[in-house]
2 protein chains.
Amino acid sequence: MKPARTPDQQRPMRADARRNYDRLVATARVAFQEQGADASLDDIAKRAGVGSGTLYRHFPHRDALLAAVIGDSIDALHARSRELLATDDPAAALEAWMRATITHAGTYRGLAATLMSSMYDEGSPLHSSCKRAHAAGAELLKRAQESDRVRPEVDAADLFRLITAVAWAAEQSPESEDTAERLLPLVFDGLRTTGTARQARQAKPAPQD
Amino acid sequence: MKPARTPDQQRPMRADARRNYDRLVATARVAFQEQGADASLDDIAKRAGVGSGTLYRHFPHRDALLAAVIGDSIDALHARSRELLATDDPAAALEAWMRATITHAGTYRGLAATLMSSMYDEGSPLHSSCKRAHAAGAELLKRAQESDRVRPEVDAADLFRLITAVAWAAEQSPESEDTAERLLPLVFDGLRTTGTARQARQAKPAPQD
DNA sequence: ACCTGAACACCGTTCAAGT
DNA sequence: ACCTGAACACCGTTCAAGT
């Protein structure tokens with residue numbers, strides 16, 4: 001079992017506390033995979049062999065447990081966005097980031113909904129993760145817009161909403177597994193400047209690039 | 001209070017049963033408005049002055065109560081789709097139908113999610129409503145595709161998913177009320193044939209219109 | 001034929017009692 | 001300092017007892 005991440009700014013935990021923390025995170029990961037992000041917390045505590053009070057001591061809200069479980073994945077997503085910012089094609093980079101984010105938001109059933117509401121809930125432990133993803137998307141979006149490949153009126157908040165909505169639609173469509181792969185190109189094309197509009201802009205006296 | 005719809009194929013109900021039925025629907029409508037589509041059924045029964053068993057007798061599942069509440073609205077939406085099929089501009093008709101459907105799916109918080117899952121649950125009393133909406137969308141989509149305004153590879157199932165996803169995203173974004181109005185044009189543009197692609201097709205030897 | 005409300009299983013959350 | 005598990009409030013659902 002790989003070591004679970006330690007909660008922030010913490011002096012060493014007592015051995016039994018540490019063990020319970022790790023067990024809870026590992027058990028929760030399995031439970032979320034099996035039953036979705038709204039799996040029973042009581043059941044997770046039982047399966048981890050821990051009193052329910054112990055779960056709430058370490059993770060006061062469901063979001064805190066979820067944050068501990070997906071923390072590594074959020075970090076990886078953020079690293080990927082840094083890579084994509086350094087690639088050549090701004091539009092392709094944005095689309096690749098959208099695809100990666102949709103995949104991430106589809107890790108567990110119900111995760112997309114949690115991420116969406118965390119975006120607007122400053123108290124949630126997932127809020128900072130959402131804002132980081134939001135900020136990464138904003139950078140990639142800005143670059144694509146400056147190179148005149150994406151409509152200037154689209155903002156990062158709507159980009160985040162669209163991504164989360166596609167992830168949500170995909171997780172709600174059990175019978176067709178590749179829903180996200182089909183919807184993403186459609187949605188991405190809606191963001192792009194239309195051929196004629198882009199041509200008109202580029203035909204203007206002062207060329208931008 | 002306007003008369004609630006009677007359940008299908010039913011001989012006259014006993015007077016007290018009829019009264020309870022109507023009260024439950026009226027109370028549920030208010031509760032759904034106030035607290036969303038997942039309002040407490042127990043609370044609805046209490047507020048309607050009725051035992052909880054009576055609620056379950058009339059409406060065995062939450063979806064049955066929801067279906068009774070939104071039945072008229074579903075009918076109106078269907079009538080609107082018939083009108084739109086008779087208009088001149090197939091693309092504008094499709095977009096107008098999408099807008100109307102998104103608005104309808106946003107009537108109560110949580111309704112979009114219910115409609116989405118009802119689409120894939122044949123046992124739900126909302127299933128037939130969803131299929132009707134699905135079929136109406138398919139007709140409008142087909143017409144738009146035949147007039148070469150919408151990509152031929154889009155199917156009605158994905159159209160339904162996109163619409164529901166936009167409605168869901170809008171209801172999850174409390175602070176900005178016009179989310180749906182901003183996202184719809186973006187999504188709709190993703191469905192359209194691009195200017196250049198359409199021009200290429202229309203430049204072919206055999207003109208379509 | 002229909003209604004009532006107690007009963008059951010489940011859930012999230014708290015907290016007094018333990019070590 | 002941390003853990004345990006009983007306790008509480010809530011929910012959906014069922015069903016025996018009533019009229």
Side-chain angles (χ1 to χ4, degrees), chain A residues 4 6-7 9-25 27-28 31-32 34-69 109-110 113-114 117 121 123-126, chain B residues 4 6-7 9-25 27-28 31-32 34-69 109-110 113-114 117 121 123-126:
Chain A
T6 316
Q9 90 293 358
Q10 210 84 347
R11 44 229 124 275
M13 299 169 76
R14 226 170 63 176
D16 55 345
R18 172 84 240 176
R19 188 159 27 89
N20 285 338
Y21 181 96
D22 291 347
R23 276 187 189 167
L24 282 166
V25 173
T27 307
F32 291 154
E34 290 174 358
Q35 312 170 31
D38 55 349
S40 159
L41 295 181
D42 203 53
D43 184 57
I44 289 171
K46 274 204 187 69
R47 284 213 256 169
V50 148
S52 54
T54 301
L55 188 152
Y56 285 94
R57 161 176 282 270
H58 288 297
F59 310 100
H61 310 290
R62 177 185 296 274
D63 284 4
L65 183 53
L66 211 41
V69 168
R109 200 163 13 96
T114 305
S117 69
D121 175 12
S124 167
L126 288 167
Chain B
T6 315
Q9 91 291 359
Q10 210 82 350
R11 43 228 125 273
M13 299 168 77
R14 226 169 64 176
D16 54 346
R18 173 85 239 176
R19 188 159 26 88
N20 285 338
Y21 182 96
D22 290 348
R23 276 186 188 167
L24 282 166
V25 173
T27 306
F32 291 154
E34 289 173 358
Q35 312 170 30
D38 55 351
S40 160
L41 295 180
D42 202 53
D43 185 58
I44 289 172
K46 274 204 186 67
R47 285 214 257 169
V50 147
S52 53
T54 301
L55 188 152
Y56 285 94
R57 160 175 283 270
H58 288 298
F59 309 101
H61 310 291
R62 177 184 296 274
D63 284 5
L65 183 53
L66 210 41
V69 168
R109 199 163 14 95
T114 304
S117 70
D121 175 12
S124 168
L126 287 167

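This is a predicted model, so every value here is computed, not measured. Naming convention: chains lettered A, B, ... in sequence-line order (proteins, then strands); numbering from 1 in each chain.
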Worksheet entry | Any A:Ser40 side-chain N or O less than 4.0 Å from OP1/OP2 of C:dG12 | yes

Practice prompt. Provide the Watson-Crick or G-U wobble partner of C:dA9, both distances under 3.5 Å; none if there is no partner.
Written response: none

Response to the item:
Rounded to whole Å, the CG-C1' distance (B:Asp38 to D:dC10) equals 14 Å

Discussion item. Could you go through B:Ser124 and B:Asp63, starting from their C-alpha distance and side-chain angles, then the distance that decides it, and tell me whether this counts as side-chain hydrogen bond (donor to acceptor under 3.5 Å, both in side chains)?
Written reply: CA-CA 6 Å; B:Ser124 168; B:Asp63 284 5; 2.9 Å; yes

Worksheet entry | Gap between atoms NZ and P, on B:Lys46 and D:dG12 respectively (whole Å) | 10 Å

Item to complete: Select from A:Arg14 and A:Val50 the residue whose nearest nucleotide in DNA chain D is closer to the 5' end of that strand.
Response: A:Arg14

Worksheet item: A:Arg57 side chain N/O closer than 4.0 Å to the phosphate oxygens (OP1, OP2) of D:dC2?
Response: yes

Response to the item:
A:His58 NE2 to C:dT13 C1', in whole Å, measures 16 Å

Worksheet item: Between D:dC10 atom C1' and B:Gln35 atom CD, what is the distance in whole Å?
Response: 13 Å

Fill in: Distance test, side-chain N/O of A:Asn20 to OP1/OP2 of D:dC3, below 4.0 Å
yes

Discussion item. Output the rounded distance in Å from CG (A:Leu55) to P (C:dC15).
Written reply: 17 Å

Worksheet item: Taking side chain as C-beta onward, heavy atoms only, is B:Gln35 less than 4.5 Å from B:Asp43?
Response: yes

Worksheet item: When you check the phosphate oxygens OP1 and OP2 of C:dT4, does a side-chain N or O of B:Thr54 lie under 4.0 Å from one of them?
Response: yes

Practice prompt. Figure out the CG/P separation between B:Leu66 and D:dG12, and round it to whole Å.
Written response: 13 Å

Worksheet item: CG of A:Asp43 versus P of C:dT13: gap in Å, rounded?
Response: 15 Å

Fill in: Listed nucleotide nearest any side-chain atom of A:Asp42, set C:dT13, D:dA1, D:dC3
C:dT13

Worksheet item: Can you check whether A:His61 has a side-chain N or O nearer than 4.0 Å to OP1 or OP2 of C:dT13?
Response: no

Worksheet entry | Euclidean distance, atom OH of residue B:Tyr56 to atom P of D:dC15 [Å, nearest integer] | 13 Å

Worksheet item: Do A:Ile44 and A:Leu41 pass the side-chain contact (heavy atoms from CB on, under 4.5 Å) test, and can you show the C-alpha distance, the side-chain angles, and the key distance before you say yes or no?
Response: CA-CA 5 Å; A:Ile44 289 171; A:Leu41 295 181; 4.3 Å; yes

Practice prompt. Would you mind telling me which residue lines up with the more 5' stretch of DNA chain C, B:Ala17 or B:Ser52, judged by nearest nucleotide?
Written response: B:Ala17

Discussion item. Under 3.5 Å for both donor-acceptor distances, Watson-Crick or wobble: does C:dC2 have a partner, and if so which one?
Written reply: D:dG18

Worksheet entry | From CG (A:Asp38) to OG1 (A:Thr114), nearest 0.5 Å | 8.0 Å

Practice prompt. Describe, in one word, how the ring planes of B:Tyr21 and B:Phe59 are oriented to each other, choosing from parallel (under 30°), tilted (30 to 60°) and perpendicular (over 60°).
Written response: tilted

